[in-house]
Amino acid sequence: MTDASTGKEQQHPLYNRDRPLIDSLLSQEPTDYNLAELARLRIRYQGFPGARDIQQTLDRVLLTWGLTEAELYQKTRQIHNFAKIYTSRGKKEEQDWN
C-alpha cells in the first residue's frame with residue numbers, strides 16, 4: 001500500500017470515471033448542474049496526493065468560467081438551498097460522498 005508520507009503519486013479510485021466528466025466540463029457552460037459537479041469534484045480531489053492532471057483541469061474550468069473557488073462554493077450553496085440538483089437512483093434518499 002502506498003503511504004502518502006513517501007511523496008509518491010497515488011491513483012484515485014474514481015479517476016477513470018471522473019476524467020471524462022471533467023473533460024466535458026471544459027466545453028460546457030456553467031449551468032447549475034455543472035457548477036454543482038465542479039464543486040463536488042474539486043472537494044473530492046482537494047488535497048489528494050495524485051491525480052494532478054485532474055486537479056489542474058478543474059482549475060482550468062474555474063478560470064474558463066471566470067470564477068474563484070470561493071465564488072463557486074457560494075453559488076453552489078445557493079443552488080443546493082433552492083433546487084434539488086441530484087436525484088437518487090435508488091428508492092431511498094441517499095447522498096454521494098465519494
Side-chain angles (χ1 to χ4, degrees):
M1 182 164 194
T2 306
D3 186 332
S5 64
T6 63
K8 294 184 180 179
E9 294 287 309
Q10 295 180 24
Q11 174 75 29
H12 194 283
L14 297 174
Y15 181 96
N16 291 329
R17 184 176 95 180
D18 292 339
R19 182 79 248 181
L21 171 62
I22 292 165
D23 289 339
S24 74
L25 288 176
L26 273 173
S27 63
Q28 295 184 26
E29 297 297 316
T31 63
D32 287 355
Y33 180 79
N34 288 342
L35 288 166
E37 283 292 275
L38 178 59
R40 179 180 68 83
L41 290 164
R42 283 189 66 85
I43 291 167
R44 174 179 290 169
Y45 287 93
Q46 188 173 36
F48 183 77
R52 303 282 180 228
D53 61 317
I54 281 184
Q55 294 173 28
Q56 291 169 353
T57 304
L58 292 171
D59 289 342
R60 204 163 64 230
V61 173
L62 260 185
L63 266 173
T64 301
W65 291 352
L67 296 170
T68 65
E69 187 173 68
E71 291 169 333
L72 172 67
Y73 293 147
Q74 179 184 21
K75 284 179 179 280
T76 55
R77 277 192 299 275
Q78 291 171 346
I79 291 166
H80 286 296
N81 281 335
F82 296 108
K84 189 170 186 174
I85 296 298
Y86 299 110
T87 56
S88 176
R89 287 181 236 148
K91 292 181 181 179
K92 63 179 181 158
E93 186 71 24
E94 56 186 54
Q95 296 180 6
D96 179 11
W97 288 94
N98 292 325

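Bear in mind the structure is a predicted one, so any value in this text is a computation, not a measurement.
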Audit row: Leu62, Glu71, side-chain contact (heavy atoms from CB on, under 4.5 Å) steps and yes/no: CA-CA 10 Å; Leu62 260 185; Glu71 291 169 333; over 6 Å; no
Smallest separation among heavy atoms of His80 and Ala36, with atom names: NE2-CB, 4.0 Å
Atom pair CG/CZ of Asp53 and Arg60 - distance to nearest 0.5 Å: 9.5 Å
Step-by-step side-chain contact (heavy atoms from CB on, under 4.5 Å) determination, Ile79 to Tyr33: CA-CA 9 Å; Ile79 291 166; Tyr33 180 79; over 6 Å; no
Contacts of Asp32 that satisfy salt bridge (charged side-chain N to carboxylate O under 4.0 Å, His left out) - sequence neighbours left out: none
CD (Glu29) with more than 12 external heavy atoms under 6.0 Å: no
Any donor-acceptor N/O pair, Gln55 side chain to Phe48 backbone, under 3.5 Å: yes
Nearest-0.5 Å distance that lies between atom CD in Gln28 and atom CG in Leu35: 11.0 Å
Nearest-0.5 Å distance that lies between atom CD1 in Ile22 and atom CG in Leu38: 9.0 Å
Sub-4.5 Å side-chain heavy-atom contact between Val61 and Arg42: no
Nearest-0.5 Å distance, CD of residue Gln74 to CD of residue Gln78: 5.0 Å
Side-chain donor-acceptor contact under 3.5 Å, Arg19 with Thr57: yes
Non-hydrogen atoms of Leu25 and Trp65 that approach each other most closely: O-CZ2, 3.5 Å
Spacing of Leu58 atom CG and Arg40 atom CZ [to the nearest 0.5 Å]: 10.5 Å
Distance, nearest 0.5 Å, that separates CD of Glu37 from CG of Asp18: 8.5 Å
Qualifying residues under side chain to side chain contact (heavy atoms under 4.5 Å, CB included), relative to Ile43, sequence neighbours excluded: Tyr73
Side chain proximity check, Lys75 to Leu67, heavy atoms < 4.5 angstrom: yes
